[in-house]
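In what follows, a structure is listed as structure tokens, so that the remarks can point back to it.
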Amino acid sequence: MPELPEVETIVRKLAPAVIGRTIAGIELLYRPLVRTGRKALAGLRGRRVLGVRRRGKLLLIECQGGRTLVFHLKMTGQFLFAGETDPRDKHTRLVVRFEDGTNELRFRDVRKFGFLLCLEGEPETASRELAGLGPEPLLVGQDEFARILKARKGRIKSVLLDQRRLAGIGNIYADEMLFDARIHPERPASSLTNTSIARLHDSMNKILTAAIASSGSTLRNYRDAEGNEGRFQDSHKVYDRTGEPCVRCGTPVRMKRIGGRSSHYCPRCQPAPRRRKAPCIPCP
DNA sequence: GCCACTGTTAGCAT
DNA sequence: CATGCTAACAGTGG
């Protein structure tokens with residue numbers, strides 16, 4: 001479940017709790033979690049944590065000596081702190097112990113989709129996963145945003161979800177920002193007017209900023225590193241509100257599968273794109 | 001019990 | 001290259 005606002009929330013909890021601490025050991029409980037750098041992982045013992053940051057939906061833990069742990073939480077990855085003697089549940093995939101021994105950091109992931117890279121050197125250049133990402137939605141300017149959208153033939157929602165175009169937007173926030181900007185999720189990205197693009201840029205900033213301020217959305221199992229739930233689900237206007245009245249016009253919110261993803265929208269506030277007339281083949 | 005569904009995305013087909 | 005499905009996994013809810 002974690003998208004940009006959830007990963008950002010986790011980063012903010014994790015940073016003060018681990019920066020400056022020295023790693024005493026790492027226990028890998030599910031080997032396939034580590035996609036690259038399993039050997040480098042063992043070499044983290046004795047190194048200090050220098051920083052924690054986010055890129056798209058990835059969470060980066062930067063350590064002394066130019067090594068970086070890169071986590072993707074996919075659907076069900078989560079971090080928690082626990083005492084070293086507290087029982088571990090069966091979904092715990094990795095444990096980081098620290099020299100101060102006050103608590104340990106655990107990564108658990110029910111569905112096992114999450115992954116970890118242990119990189120040496122500049123992360124942005126050391127891995128495809130990072131190098132291929134588009135700009136940060138909260139940093140991209142309106143002009144570049146417009147260029148990204150206008151160059152795409154596909155549906156606007158699919159473009160928002162494409163991490164090579166913009167990094168960090170997932171299903172929930174794509175639906176919410178499209179509703180806010182009154183754009184139908186199936187509108188071809190290249191067909192958007194400058195006005196619509198400007199509105200969508202504003203909505204993207206507004207929704208993501210508000211979601212971060214509310215510590216993300218908890219619909220099923222998302223929790224931050226302290227076990228807290230997010231509160232932004234209370235502000236969802238369309239996501240997970242199928243059949244409920246649109247907050248703007250009262251029309252029931254509709255759910256439709258678009259590009260394999262459940263998509264929620266108001267059929268009245270977000271009118272369907274006009275179907276193009278068939279080209280006149282034997283145009284005389 | 002069975003079936004449908006789930007917030008991601010890599011990999012493959014077109 | 002771009003775009004569109006589906007599988008990978010495990011649990012939950014009907």
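Quick note on labels: first sequence line is chain A, next is B, and so on, each numbered from 1.
At a non-hydrogen distance threshold of 4.0 Å, nothing from residues 120-150 of chain A comes into contact with DNA chain C.
With hydrogens and angles left out, the side-chain atoms of A:Gln270 and A:Arg182 include no donor and acceptor closer than 3.5 Å. Counted by atom type alone, A:Thr9 and A:Asp224 present zero donor-acceptor pairs between their side chains at under 3.5 Å. Looking only at atom types and distance, the side chain of A:Asn194 has no donor-acceptor partner in the side chain of A:Arg199 under 3.5 Å away.
Counting only heavy atoms from C-beta on, A:Arg257 has its side chain closest to B:dC5 among C:dA10, B:dC5, C:dC9. Of the candidates C:dG11, C:dC5, B:dT6, the closest approach to any side-chain atom of A:Lys90 belongs to C:dG11. Taking the side chain of A:Lys74 as heavy atoms from C-beta on, and the options C:dA10, C:dG4, B:dT9, the nearest nucleotide is B:dT9. Considering only side-chain atoms of A:Lys57, the nucleotide from B:dT6, B:dT8, C:dG4 that sits closest is B:dT8. Closest contact between the side chain of A:Arg35 and the listed nucleotides B:dT6, B:dA10, C:dA2 involves B:dA10. The side chain of A:Ser158 approaches C:dG4 more closely than any other nucleotide in the set B:dC5, C:dG11, C:dG4.
When the C1' atom of C:dC9 is taken as reference, atom CG of A:Leu33 falls 14 Å away, rounded to whole Å. For the pair A:Lys112 NZ and B:dT8 C1', the computed distance is 17 Å after rounding to whole Å. Taking atom CG on A:Leu161 and atom P on B:dA10, their separation rounds to 13 Å, with Å as the unit. Atom CZ in A:Phe115 sits roughly 18 Å away from atom P in C:dA8 (whole-Å rounding).
With hydrogens and angles disregarded, a donor-acceptor distance shorter than 3.5 Å links the side chain of A:Gln64 to the backbone of A:Arg48.
Hydrophobic clustering, with ILVMFWY side chains joined whenever heavy atoms are under 4.5 angstrom apart, groups A:Val49 together with A:Phe81.
Base engagement by A:Ser217 is indicated by at least one non-hydrogen atom pair under 4.0 Å involving a base atom. Within 4.0 Å (heavy atoms only), A:Glu6 reaches no atom of the nucleic acid at all. Residue A:Arg152 is in sugar-phosphate contact alone, with no base atom involved, counting any heavy-atom pair closer than 4.0 Å across all strands shown.
Residues that satisfy the salt bridge (charged side-chain N to carboxylate O under 4.0 Å, His left out) test with A:Asp162, not counting sequence neighbours, are A:Arg164, A:Arg165.
The residue from A:His236, A:Glu6, A:Glu3 that alone fulfils the side chain to side chain donor-acceptor pair (under 3.5 Å) condition with A:Tyr173 is A:Glu6.
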(message) Between A:Arg108 and A:Gln78, does the side chain to side chain donor-acceptor pair (under 3.5 Å) criterion hold? Intermediate values first, please.
(response) CA-CA 5 Å; A:Arg108 66 188 293 275; A:Gln78 51 187 226; 2.7 Å; yes

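Classification of the A:Phe79-A:Phe71 ring pair by plane angle, with boundaries at 30° and 60°, yields perpendicular.
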(request) Both distances under 3.5 Å, Watson-Crick or G-U wobble: on that basis, could you give the dot-bracket string for DNA chain C, with [ ] for crossing pairs and | for other-strand partners? (result) .|||||||.|||||

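If you find the closest nucleotide of DNA chain C to A:Gly154 and to A:Val110, the one lying nearer the 5' end belongs to A:Gly154. Residues A:Gly259 and A:Arg165 each lie close to DNA chain C; by heavy-atom proximity, the contact nearer the 5' end of the strand is made by A:Arg165.
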